[in-house]
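These notes are about the structure you will find just below.
Numbered from 1 within each chain, the chains take letters A, B, ... in sequence-line order. What you see is a predicted model, and the numbers here were worked out from it, not measured in a lab.
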Amino acid sequence: MNLDERIRHRRGQGDGQQLVRDYSALSPVSHLDEPSGRGPVMERLLDHLEPIFDGQLPPNGYLHGPFGSGKSAVVTSLFDHLEQFSSGTRSIIHTSTRPASPTTPGFVYVDLRGTTSEFAFYHDVLDALVDESVPHHGISTGEIRDRLHDILGLSRAGVVIGVDHVDEPNTFDAESLVDLFAGLPSNVTWLAVGRVPPNRTALTEYTATSIPVQRYQRQMLVDVVMTRVSEGLARQALDHELARRIADWAEGNAHDALAALFTAADHARRAGKNHIDSSDVSDALGEIPLPSVSLGRVLQLPANKQTVLRELVDLDPVDCESVTATTEGISESHSVDLSAATVKRYLYEMAELGIVERVQSQSTSKGRPPSRVELRFPPTVFRRLYDLRE
DNA sequence: GATCCACGGGAATACACGGATG
DNA sequence: CATCCGTGTATTCCCGTGGATC
């Protein structure tokens, strides 16, 4: 059953049109093939990458801008198209039996959020470059690196690696990235993507170009929202005026705006409406924490941590007055078969990452005062995306 | 047999408070 | 008054173990 069918199924027999046609089209973590409103950034990236059209490698680059400004959307879309273009104009790198070497650089996109070890990084790059799938086990990091050297040794033009989400909590920082690339042959360059301004990261010591991305202007963000409405919702599902309200609230952050749209749509759907009204939007804006952490980070956590979060979002806030109480509430659920000690440690770890937040409660006379656990991500969106996943 | 990495579990450490002590 | 101490919690830290896969 695909997504549309499931939704129809849950809703029962359709009387008229469904409000939500496709949740994934509303998701802040999915990107459109052609992101709206980011044309100028795309142009600057193409300027930077210009050498590839002569079969040369571009220098290292750094794309930077605030949360929700469309960096990932632009880079994933661009790398997709470039890889298609590139593989169309060169002989194949995939099999080592071919003596001919590519004349146009290849393109590999790596999201560091899901790639947190040295092994995983080299693995992902190699996996993108060869046809056969690369094993995750029973092969050493060194072996993977050797194979990469073999493969890239055959390539005259080399490879550009887009490295997204540099220097977030739990991802590689500038220095580690430099180290990782030191393990690769010299015909590899990077396009790093991150939020840290260029004057505050060691990355720019190694990059020729820094390309800034500004937050979305109001009207652009309204367009972003309305585009998603037409992709994922019924016709006329969202008034232009409400889209403006969402955009104003989100202050240029497309992630937050789309989370709000998603949440409002879910509220309306559950109430059996065929359009989103003002109260749905109010409810949505009320339940999304600001500042929010990216859902992309939440959905890239190890499966068991997500299971813990899935229980957490359904827990009554009354039961979250301390980490210990929250742990008990989660452990009681039978869908979590982790020990209480582990659940508790997860909560602390996720607080460390900013996924949840510990807020000190008023001190009870005895012992160290506990801290309340609060969400730092949009719960409705997470709940829905988690449940819809296979 | 090798390899990577998530898990588990608890030990070690930090903190808050009230009361005792110098 | 300043400091120390004991008690009860909260929080952090560490490392061996085992599953999964080749």
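The side chain of A:Thr342 places no N or O atom within less than 4.0 Å of a non-bridging phosphate oxygen (OP1 or OP2) of B:dC7. The shortest distance between the side-chain N/O atoms of A:Ser117 and the OP1/OP2 oxygens of B:dC4 is not below 4.0 Å.
To the nearest angstrom, P of B:dC5 lies 15 Å from OH of A:Tyr346. One interatomic measurement links the two molecules: CG of A:Asn304 to C1' of B:dA6, which rounds to 8 Å at whole-angstrom precision. Going from atom CZ of A:Phe119 over to atom C1' of B:dT3 covers 8 Å, rounded to whole Å. When rounded to the nearest whole Å, the span between CD1 of A:Ile139 and P of B:dT3 equals 10 Å. Per the geometry, NZ belonging to A:Lys305 stands 14 Å off P belonging to B:dC5, to the nearest Å. Across the protein-nucleic acid pair, A:Leu301 atom CG and B:dA6 atom P stand 11 Å apart, rounded to whole Å.
With A:Asn187 contributing its side chain and A:Ser155 its backbone, the two residues share a donor-acceptor pair below 3.5 Å. For the pair A:Thr204 (side chain) and A:Thr207 (backbone), a donor-acceptor distance under 3.5 Å is absent. Side-chain atoms of A:His149 come within 3.5 Å of backbone atoms of A:Gly183 as a donor-acceptor pair (strictly under, hydrogens ignored). A donor-acceptor contact shorter than 3.5 Å links the side chain of A:Arg297 to the backbone of A:Leu353. For A:Thr227 (side chain) and A:Asp223 (main-chain N/O), a donor-acceptor pair under 3.5 Å exists by modelled atom type. A:Asp277 contributes a side-chain N or O that, together with a main-chain N or O of A:Asp280, makes up a donor-acceptor pair within less than 3.5 Å.
No more than 12 heavy atoms of other residues, nucleotides or ligands lie within 6.0 Å of OH in A:Tyr206, so this atom counts as exposed by the packing criterion.
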**Complete:** Reading nucleotides 7-18 of chain C from 5' to 3' and marking B where a protein heavy atom lies under 4.0 Å of the base, S where only the sugar-phosphate is that close, and - otherwise, the string is -BBBSBB-----

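Out of B:dG8, B:dC5, B:dT3, the shortest distance to the side chain of A:Ser339 is found at B:dG8.
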Check nucleotides 20-22 of chain C against the protein and report each pair of N or O atoms closer than 3.5 Å, with its distance, or say if there are none.
{"from": "C:dA20", "atom 1": "N3", "to": "A:His137", "atom 2": "ND1", "distance (Å)": "3.4"}

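The shortest distance between side-chain heavy atoms of A:Arg21 and A:Glu231 does not fall below 4.5 Å.
Sorted by first and then second residue, the ring pair (Phe, Tyr, Trp, His ring centres under 6.0 Å) pairs with a member in residues 210-259 of chain A read A:Phe67-A:His255; sequence neighbours excluded.
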